[in-house]
Structure formats: structure tokens, C-alpha cells
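A, B, ... follow the sequence lines: proteins, then strands. Residue 1 opens every chain.
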Amino acid sequence: MAEDPLWLLCVEPHFPGRLGATADWLVRRRGYRCRFYCANADPAAFWPPSTGRALEVVQFQVGGVARESAVSWMRSLERSLCYAYGCFEVLDARRPRPVDLVLGRSATLGSTLFAPVALPGAPVVNLFDYWMAPHANDLVDDIGPGAPTEYFHWRRTAGAYDLLELESVAAAWTHTAWQRDLFPPEYRDAFHVLHDGVDAATFAAPRPRVVAGRAVPDDVRVVTFVSRCLDQLRGFDRFMSLANRLLAERRDLLFLVVGDPVVRRALDVRYHGQDYRQVVLGREPPADESRFWFLGAVPPATVAEALAVSDLHVYPGRPYPVARSLLEAMAAGRTVLAWDAEPVREVITHDRSGLLMKAGDPDEAVRLALRVLDDPAAHRPLGAAAAEVVRERYDRDVTLPRLAAWLSRVAGGGA
Amino acid sequence: MSPRVLFVHRAFPAQFGRLAAELTRRYGWRCHFLVEHLSHCPPPSQEMLRELDVRVWPRPAARRPDAQTPWPQIHAQALECARAVFDAVRDRPELRPDLVVGHGGLVPTLLLRDLLDCPLVDYCEYYFAPRGRDLTYRLDLPAVEPALFFPRCINAATLMNLNACDAGYTPTHWQRQSFPERFRGKIEVHPDGIDTELYRPRRPPPSLAAHGVPDGARVVTFVARGLESVRGFDLFMGLAARIRAARPDVYFVAVGGETTHYGWDPIFTGGRTFKEWVLSRHGGDLSAFTFLGMVDPAVLADVLARSALHVYLSVPFVASWSLLNALSAGCVVLAGDTEPVREMIEPGRHGLLAPLFDADELTRLALAVLDDPAAHAPLGEGGRRLVEEKYSVEVAVPALKEFFERAAK
């Protein structure tokens with residue numbers, strides 16, 4: 001019977017990916033030992049603190065179709081199998097022992113499917129993020145009209161690898177009820193729903209008005225947009241449109257924009273691998289460039305600096321699992337203006353812990369944003385309530401102890 | 001207006017051809033087929049081709065033969081078929097079926113959701129196990145690498161379509177049990193339907209002299225689509241050698257092609273067919289053996305009607321039609337004792353069962369049958385009755401019609 005602290009083996013195509021922060025917390029706070037198998041790693045500046053100590057990163061190679069920059073919709077599963085097989089090969093060669101539990105996340109690629117071949121005794125838990133509906137959510141309303149038939153073929157069949165993993169894992173994990181309910185009804189009861197949380201204390205801490213080494217003037221109102229990449233999925237196009245309209249109303253605004261300009265999510269079939277920031281700015285040039293600080297992809301500490309000075313955090317994403325940055329902005333006590341969508345509603349209650357506006361109503365976005373910017377102090381209760389929501393439900397120190405307890409049960413043969 | 005059904009499968013007639021012919025003849029249903037090829041086992045009858053609207057979609061010229069497709073690419077092959085069906089339906093807007101019935105594991109039909117507003121019924125043939133059953137059961141044979149991996153991903157198309165379909169059916173309870181429990185509520189059990197008129201006991205039995213089988217000889221039969229390890233062709237040859245050693249006048253007839261349809265026999269045979277590999281190790285006298293290859297149903301019916309003992313030594317896997325054909329023909333069946341067989345054969349009532357790898361017991365039972373056919377004749381009669389009552393076309397077709405009607409509502 002496995003006992004805490006566990007020996008954990010994480011598998012995710014990219015490190016730190018989504019599991020990195022969780023593994024780091026389990027290592028630092030619970031004494032877990034973790035080996036993290038990945039195909040690629042972000043620069044070291046993005047690694048969690050325990051990397052290289054109790055959190056060992058092991059790289060595996062992928063072959064075959066997984067080496068191609070893009071694959072046809074029919075070969076998506078084959079690419080996933082290449083990832084799963086690449087991981088297996090290194091597992092088989094290194095034979096890591098002990099392993100009490102395998103924790104995987106495929107992130108539209110592949111991870112743990114063949115791990116049981118190399119580690120037959122270790123139960124596998126997988127984190128499932130997203131089940132793509134053929135005609136709903138994410139970018140389908142933007143891309144769908146006029147898209148080739150193959151786009152919908154892909155959307156209908158892209159979940160094949162997830163189905164294989166759902167059938168093979170000891171337990172399935174997802175972050176929110178909305179994410180769970182995207183999956184076919186036959187699987188919903190099988191999910192353990194628990195958010196992995198954010199580092200609330202880090203984002204709640206007061207900071208000087210300095211972001212990435214630059215002082216933020218006292219006489220500006222700061223509007224923030226944060227995303228892993230500046231893509232359409234997270235609404236960078238909507239943000240720029242709103243920003244320009246706000247600049248037409250107020251000249252004292254500063255827009256802090258965090259995110260990689262290149263689109264990394266394959267879900268965005270139109271702009272994947274392209275500099276979407278350039279695309280949007282080409283279409284909608286900033287009304288005043290000096291009012292925009294494009295910070296690029298930055299480590300969490302810089303995100304915290306940006307959020308700490310934000311008077312209004314804008315979250316204009318399409319319906320998709322809520323970004324960590326939204327919760328981080330809430331943890332920082334910021335007033336959030338979000339485009340209303342089911343996943344967001346699970347986190348924010350309109351007029352209580354943030355402001356929700358109907359997608360497709362840019363006038364309403366401008367009105368609400370100006371309301372906040374005209375009187376930030378009057379809206380601070382929204383930020384305070386948001387921070388309270390995070391402290392209660394999404395703080396890592398709240399969610400990850402529960403996760404650890406659940407993982408221990410799974411490792412011990414229960415789920 | 002009688003219902004219009006679109007059947008989708010890679011092969012015709014396979015599981016749907018006879019069914020559709022009966023739905024057309026008995027009830028006036030309009031049945032259309034989209035298939036990749038016309039099958040050789042069994043081949044379609046001219047009557048079926050005349051009565052049914054069978055369209056073959058163009059197979060991409062660049063595609064490799066199935067047996068040469070690396071296992072990670074097999075799913076793409078299924079999706080290629082799915083796209084071909086989508087294109088074919090899109091190009092025939094007048095088709096407008098009331099129901100689509102497809103073998104989703106081979107040709108996923110879920111893409112049709114974007115074209116058709118009618119229920120999808122999935123033929124849920126089988127859900128492969130990651131190990132210990134079907135493809136990975138033969139631990140007595142050399143290990144091959146794909147056995148570790150392919151069974152873990154082989155069900156992708158099946159799962160995808162199972163999620164998308166409105167209802168499913170499968171021929172036996174064991175096959176239904178092979179599926180994850182969460183889906184079983186969606187899957188009904190409906191046998192395919194055996195042609196009890198074609199496969200019937202005949203007295204006197206037909207002569208197989210034209211095939212080299214001496215009239216009057218006691219004949220042991222073995223039938224499989226492919227003479228391969230999953231169907232236990234090697235086990236049959238081993239048993240035949242033991243029978244031959246004890247009763248030199250017994251004659252053996254094996255029916256089946258040389259293709260391996262399931263598993264990876266050619267990997268450990270060094271590229272030879274499994275039949276060649278087995279015979280090279282058999283070492284015995286083959287003068288009492290006739291290998292008929294693939295035969296027409298009428299010839300198969302003759303073979304089974306001539307059989308003194310029919311041997312069925314498949315691993316736990318979808319029970320072959322040949323098993324039910326043999327029972328229908330009144331053969332005394334000696335089968336490996338596995339769950340799918342036990343669902344059909346109650347030992348001592350419809351046939352005889354012995355552990356699959358217990359050569360001594362199999363031999364003992366085989367010799368007992370061959371030495372005293374009269375004493376074992378009730379088993380053949382029991383087998384025939386079983387098929388008439390549970391697995392015949394007469395029983396299966398009305399039940400499937402009623403199921404399709406419910407699904408189409």
C-alpha cells in the first residue's frame with residue numbers, strides 16, 4: 001500500500017505545463033518525490049522552484065508523425081500515440097522505481113496510455129482539460145462559418161485519444177464542473193472535479209508600482225490582459241478593440257499586455273504558429289502605442305507585478321476552460337471584466353465578484369470598463385469578493401491538500 | 001412509407017447483407033449500402049446485389065493493404081473510411097435515410113451527424129481487451145511487440161462511434177460484456193441470423209469426393225475465415241495429429257484462407273502465413289488432410305453436413321459464424337471451453353467442451369465421438385435446435401426489425 005509522501009511520476013508533453021505547479025507544491029509542501037517526463041520544456045525561468053531537486057525532469061523523444069509541425073485530422077490519434085510511445089520508451093529504458101502513482105495530462109497530444117506497459121503496478125490518474133464539441137465553444141463560432149468540412153471532421157473525432165485514456169486510467173481528474181460536463185455523459189460520473197488552484201498569496205501580496213523593471217506612473221489607470229499567448233481563444237482581438245475604444249474616451253490609460261505573441265494552441269487552426277499579435281495590430285493599430293506595454297511571455301512573478309497595479313483586468317475569452325490568469329487576477333483583488341460564458345460563470349458572479357458582459361456587445365464592454373476606470377475605488381468590493389472566492393475555492397493551499405488526499409486514495413487502490 | 005436504411009460497412013455482405021435482403025423481402029424496407037469492397041468470405045449472392053442498392057466507395061489508390069498498415073495508423077484508416085462515407089452521402093442528397101446502421105469500429109459513422117438528421121445505430125461487434133483475451137491470449141506463441149501496445153488503442157474508433165450513436169447492438173451477451181460497463185445500457189443483443197436452410201443436417205451426407213475426401217471416411221472439420229492463431233488453427237493441427245495417430249482412417253478438412261485477420265502471426269512466422277508456419281512444424285503425414293481455402297457458402301454447407309466432428313478451438317473472441325453454421329448443420333461440435341463458446345454451447349447438450357490447451361482431453365473427447373457417432377448424435381440435434389430457437393434468420397430478423405423501428409423513432 002502506497003503511503004504519503006508518494007513517489008509521483010508525471011507525464012505531460014510540455015514542462016512545466018499544467019502539472020508542473022501541482023507537482024512542485026506536492027514536492028515542497030508534502031514531501032513527494034516526483035519525476036516529470038516531458039517531450040519539451042519551457043525556459044528555466046518558467047520552471048517551478050523544486051525543479052532539479054525533488055522534482056526531476058526527464059525528457060523523452062517523439063518520433064513519426066509527432067515530429068511534423070501539423071498533421072491532418074485523420075492522424076491526430078497517431079500523433080498522440082507517438083507521444084505515448086516516446087514516453088514509454090524512456091520509462092522502459094530507465095525503469096524508474098518506486099512509482100506509487102502516474103499522473104498524466106495529454107493536452108491534445110499524448111501521455112500515459114502506454115505507461116502501464118512499463119509500470120504495470122502503478123495506477124494512472126489523468127487530468128482531462130477539454131472535450132471539443134463539434135459545433136460549440138472555443139473558436140467554433142469564429143472559425144466555423146466558411147471552414148472546410150475537415151474542420152468539423154476533426155472536431156468530431158479529436159477526442160479519440162482521450163476516450164482511450166478515459167478507459168485505461170484508474171481515475172480521471174478535471175478542474176471544473178463545466179469541463180466535466182463537456183465530456184460524453186457516460187464518463188461524467190467518473191471524474192474527480194477539483195481545481196489545481198493558484199498561488200493566491202503570491203498574487204495577493206502588495207507590490208510597488210513596478211512591472212518588469214519599469215515604473216508605472218501614478219497618474220494612469222491600468223488595464224491588464226494576461227494570457228499564455230495573445231490568441232483569439234483568450235480574446236486578444238476583443239481586448240485590442242476595447243482598448244482602442246477606451247483610449248478614445250480616456251487618455252490616462254496604460255494597457256499591460258502579457259503573453260507570447262505566437263499562437264501555441266493547435267485549437268486555433270487559423271493562426272497556430274503565427275504571430276497573432278501582429279495580425280490583430282495590423283488590423284487594429286493601437287490608437288496610442290505609448291499606452292501599451294507588451295510584456296511578452298513572462299514568469300509568474302512578472303504577471304503578479306502587472307496584476308498588482310491593475311485597475312481593471314479584462315478577460316474577453318471565448319468559451320474555454322478558465323485561464324489561471326483570471327483566478328490570479330481575482331486573487332490579486334482586481335476588478336475583473338469578463339465576457340460572459342458558462343465556464344466563467346462558474347467562477348465569477350456578476351456584480352458580486354466581477355463584471356460579466358454579454359459577448360457580442362462591445363458597447364456594453366466599453367460602458368462597464370469606463371464605469372470601473374472612472375471610479376476604481378467604488379468597484380474595489382468586487383475585487384475583494386473575487387479574492388475571497390479564490391481564497392476559499394481556488395487557492396492552492398486549499399485545493400492541493402484535497403488533491404493530495406485523493407491521489408493517496410487512488411494510489412492505495414481507492415478512487 | 002417503408003423505412004429507408006443506410007447500411008455502412010467496409011465489406012458486403014458481411015453482417016448486414018443477409019439482414020438487409022430479408023428486411024427488403026419480408027417487409028419491403030428500402031436498404032442502401034455504402035461499402036469499401038465486396039467480400040470474398042462470404043461473397044455476395046447475385047440475388048443480394050440485384051435486390052439491394054450497394055455502392056462501393058473508391059478506395060484511395062495510395063493506401064496500403066490492411067495487413068501492411070502499421071498499427072498506429074490503423075485509426076487513420078478508419079477515419080479515411082468515415083470520410084469516404086461522408087463524401088458519398090453528401091453526393092447523394094436524395095438518399096435521406098430514416099436510419100443509419102453501421103459497423104462503427106471499422107467505419108465510424110459519426111461524421112454523418114453533420115449531414116443527416118436521423119438516428120445512428122452502431123453494430124458493436126467487439127471491444128478488445130488490453131491483455132488476457134482475444135489478441136493477447138496466446139501466451140504459448142512467441143511474443144510480438146504490437147501486442148503490448150495495439151490492444152490499448154485498437155478501440156479508438158469503436159469508442160468514438162459508441163459515444164456518437166443513438167443505440168447499438170451486438171450478436172451475443174459475451175460480446176456485449178466485452179464493452180465497458182458504462183456503455184452496456186446502450187447495447188442490445190441481437191444475433192446476426194444463421195441460414196438454417198442452407199446449413200442443415202443432410203441424410204445421406206453429401207459427397208466431398210470432388211475435394212479429395214474419400215466417401216465413407218470419418219471426417220473431422222475445421223473452419224475459420226483465416227487459418228490463424230486466434231482461431232486456433234495450430235491447435236487443430238495438433239489435435240488432428242493425435243487423432244490420426246489413434247485412428248489412421250480419419251480424414252480432416254480445413255476451410256479458410258491463409259490471411260491473418262487478427263493479431264500478428266506474420267511477425268513470428270518470419271513473413272510466412274500461419275498455415276505454412278504450422279505445417280512446417282507439423283512434420284506429419286498430410287495425406288489425410290484437405291485444405292479447401294475459402295469456399296462459397298454452398299460448399300461450406302456440404303463440408304459441414306459431411307462432418308463427423310467439427311472442431312472449434314478459437315481463443316476467447318467473437319464466436320465465428322462457422323461455429324453456429326456447424327451447429328445449424330447438426331455437427332457434433334468439440335470446442336475449446338471459453339466464455340463466448342459457453343454462451344452458446346451447454347456441454348453435453350449442444351456439443352462438447354474441453355479446456356483449449358488440454359490436448360489430452362480434447363483428444364479423448366474427439367475419439368469418443370468418432371468411435372461412437374450414434375451415441376453423440378443427440379448433441380448434433382441439440383445444436384441444431386439451439387440455432388433454430390435462438391440464432392436463426394427466422395428468429396433474428398423480426399427482432400432486429402423491431403429494434404430498428406424503435407431506434408428510428
>> Heavy atom to heavy atom, less than 4.5 Å: which residues from residues 160-175 of chain B reach chain A?
In response: B:Met160, B:Asn163
Side chain, backbone, both or neither: which part of [X] has a non-hydrogen atom closer than 4.5 Å to chain B?
X        : result
A:Tyr161 : neither
A:Ser168 : neither
A:Thr149 : side chain
A:Leu164 : both
A:Ala190 : side chain

> Do B:His75 and A:Arg75 come within less than 4.5 Å of each other through their side chains, counting heavy atoms only?
Replying inline: no
> Within a strict 4.5 Å, meaning less than it, do heavy atoms of the A:Glu167 and B:Asn155 side chains meet?
Replying inline: no
From [atom1] ([X]) to [atom2] ([Y]), nearest 0.5 Å:
X        : Y        : atom1 : atom2 : value
A:Leu77  : B:Ile74  : CG    : CD1   : 11.0 Å
A:Arg156 : B:Leu79  : CZ    : CG    : 13.0 Å
A:Asp189 : B:Arg182 : CG    : CZ    : 9.5 Å

> What part of B:Phe150 lies closer than 4.5 angstrom to a heavy atom of chain A: side chain, backbone, both or neither?
Replying inline: neither
>> Using heavy-atom distances under 4.5 Å, tell me whether B:Arg113 contacts chain A through its side chain, its backbone, both, or neither.
In response: both
If you count every heavy atom of other residues, nucleotides or ligands that lies below 6.0 Å from [X] atom [atom1], does the total exceed 12?
X        : atom1 : result
B:Asp91  : CG    : yes
B:Arg131 : CZ    : no
B:Arg96  : CZ    : no

> Which of residues 89-118 of chain A have a heavy atom under 4.5 Å from any heavy atom of chain B?
Replying inline: A:Leu113, A:Phe114, A:Pro116, A:Val117
> When the aromatic ring centroids of B:Phe86 and A:Phe152 are compared, is their separation below 6.0 Å?
Replying inline: no
> Side chains of A:His153 and B:Asp114: donor-acceptor distance under 3.5 Å anywhere?
Replying inline: no
Extract all donor-acceptor atom pairs below 3.5 Å that involve side chains of residues 59-74 of chain A and protein atoms in other chains or at least two apart in sequence.
from, atom 1, to, atom 2, distance (Å)
A:Gln59, NE2, A:Ala39, O, 2.7
A:Arg67, NE, A:Val62, O, 3.0
A:Ser72, OG, A:Met74, N, 3.3

> With sequence neighbours excluded, what pairs up with B:His9 under the side chain to side chain donor-acceptor pair (under 3.5 Å) test?
Replying inline: B:Gln15
